[in-house]
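Notes follow the structure.
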Amino acid sequence: MMRIDILTLFPEMFQSVLVPGIFERAIERGLVSVNTHNIRDYTHDKHHVVDDYAYGGGAGMILKPRPIFEAVESIKADIYKEEDRYGELPVILLTPQGRPFSQQIAVELSRYAGMILICGRYEGVDERVRQHLVTDEISIGDYVLSGGELAAMVVIDAVVRLLPGVLGSEDSAQDDSHATGLLEYPQYTRPAEYRGWAVPEVLLSGNHAGVARWRREQAVRRTLERRPELLDKVALSSEERELVDRLKNLSLGSAIK
Ligand code: ADE
């Protein structure tokens, strides 16, 4: 069971991902538990103040360190009282300044027994949270959201679907785009011909080796066309390298670089 704890000022935003879909199955099967914690509940003053002006001036409010530190410490005390199988858990701040999220990071996170996600809001989070509390910072892309909540949901979705038993069949995540380092090959279902557009012959042939070869070639082609930089990182057979070189030469002077 993976235990996910989320610190946020808007716990109700997470209701939407905890209703039907893969999470529901994962939660019902006891494969994951998701707990949201309102940062405001960890304040001590009458008005439950979570933010304050920036030292040195500037527009926008900064999340104060104390409620965040105390929330994480209280969650950790609760986790380790329960069981010590959790080991060191990652404490992740969602921020546009974090390391770019990827399938590889999702795989890495899926190996932990739990994770604590901190969703920032407003103009930022007191730097001492980054320096002395957080073990990792993740960005889901080079654009700015109003808070870390949607980013946390993205990370949770990508991680939970990798947990054993969450997807219908154990290997259905293996061919996903990016799982192999390549984009996924084209997929077809019935009918074999639709509006005159036929499914590639080889897929109907029952020739498993032929299908596998076609798919791998399509994945290479598609990656070369759409995300050529991914090919620098992936291990290709010598045949596939030759295919890449051949396709690159063919397209010299055309749109594919
Ligand atoms: N918070 C605001 N923008 C974000 C982003 N791009 N990734 C992660 N957290 C964020």
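Just so you know, ligand 1 is whichever comes first in the structure, and atom 1 is the first atom listed for that ligand. Both backbone and side-chain heavy atoms feed into the values below; hydrogens, waters and symmetry mates do not.
Judged by distance alone, the side chains of Glu70 and His44 do bring a donor and an acceptor atom under 3.5 Å apart.
The other residues sharing a hydrophobic cluster with Val211 are Tyr188, Val199, Val202, Leu203, Leu204, Trp214, where clustering joins ILVMFWY side chains under 4.5 Å apart.
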Before you tell me yes or no, could you show the steps for Glu137 and Thr95 under side chain to side chain donor-acceptor pair (under 3.5 Å), namely the whole-Å CA-CA distance, both residues' side-chain angles and the distance that decides it to 0.1 Å?
CA-CA 7 Å; Glu137 297 181 37; Thr95 162; 4.7 Å; no
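For Thr223 (side chain) and Leu183 (main-chain N/O), a donor-acceptor pair under 3.5 Å exists by modelled atom type. In this structure, Asp157 contributes its side chain and Met153 its backbone to no donor-acceptor pair below 3.5 Å.
More than 12 heavy atoms of other shown residues, nucleotides or ligands fall within 6.0 angstrom of atom CG in Asp245.
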I'd like the atom pairs linking ligand 1 to the protein - N or O on both sides, separation under 3.5 Å - with distances to 0.1 Å.
{"from": "ligand 1", "atom 1": "3 (N)", "to": "Leu145", "atom 2": "N", "distance (Å)": "3.0"}
{"from": "ligand 1", "atom 1": "6 (N)", "to": "Gly141", "atom 2": "O", "distance (Å)": "3.1"}
{"from": "ligand 1", "atom 1": "6 (N)", "to": "Tyr143", "atom 2": "O", "distance (Å)": "2.8"}
{"from": "ligand 1", "atom 1": "7 (N)", "to": "Ile140", "atom 2": "N", "distance (Å)": "3.0"}
{"from": "ligand 1", "atom 1": "9 (N)", "to": "Thr95", "atom 2": "N", "distance (Å)": "3.1"}

